[in-house]
Amino acid sequence: MRITSKFRTSSSAGGGRPIRSVIGLALASAAVVGLAGCSMEDATCGGGEYPVLNVGSTGSACVPNDEEPPKGYVRYPEGKVPEHVGDKWDVYWETHTIDENGKIIKAPDAE
């Protein structure tokens, strides 16, 4: 969730009250998101999708949940699926890949 706001530099007849209300609402919304345990990080894939890895390289893609990976792609190994940009597994898969036999190897361009 991204919150953007535009501040008016000129005063209004309301004495700036609408701006304070918007800021207060935005802060309250951010607090609710934080308490609910939601993440503000960029997700690897959108809702209804899962990430797949390109065999033999570090390339990846997102596939709808009801579809199998396209030719040349595989699902990430269980427990090693990147969920957010820059998370532990996203960084790991920058230098590793899966070969045609399903074995995790160092990516050719990472050696």
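As a basis for the values below, the full set of heavy atoms in this structure was taken, side chains included, without hydrogen atoms, waters or symmetry mates.
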Q | Distance (rounded to the nearest 0.5 Å) between K103 NZ and I98 CD1 | A | 12.5 Å

Return a table of donor-acceptor pairs under 3.5 angstrom between the side chains of residues 50-71 and protein atoms on other chains or two or more places apart.
| unit_1 | atom_1 | unit_2 | atom_2 | d |
| --- | --- | --- | --- | --- |
| Y50 | OH | E67 | O | 2.7 |
| Y50 | OH | R75 | NH2 | 3.4 |
| N54 | OD1 | S57 | OG | 2.9 |
| S57 | OG | G59 | N | 3.2 |

**Q.** Connected via hydrophobic side-chain network under 4.5 Å: I104 and V81
**A.** yes

Q) Does any pair with a residue in residues 52-83 pass ring pair (Phe, Tyr, Trp, His ring centres under 6.0 Å), and if so which ones, sequence neighbours excluded? A) Y76-W93

Q) Of all heavy-atom pairs between T97 and P108, which one has the smallest distance, and what is that distance? A) CG2-CD, 4.3 Å

Q: Sort and list the pairs that fulfil salt bridge (charged side-chain N to carboxylate O under 4.0 Å, His left out) and have at least one residue in residues 80-93, not counting sequence neighbours.
A: none

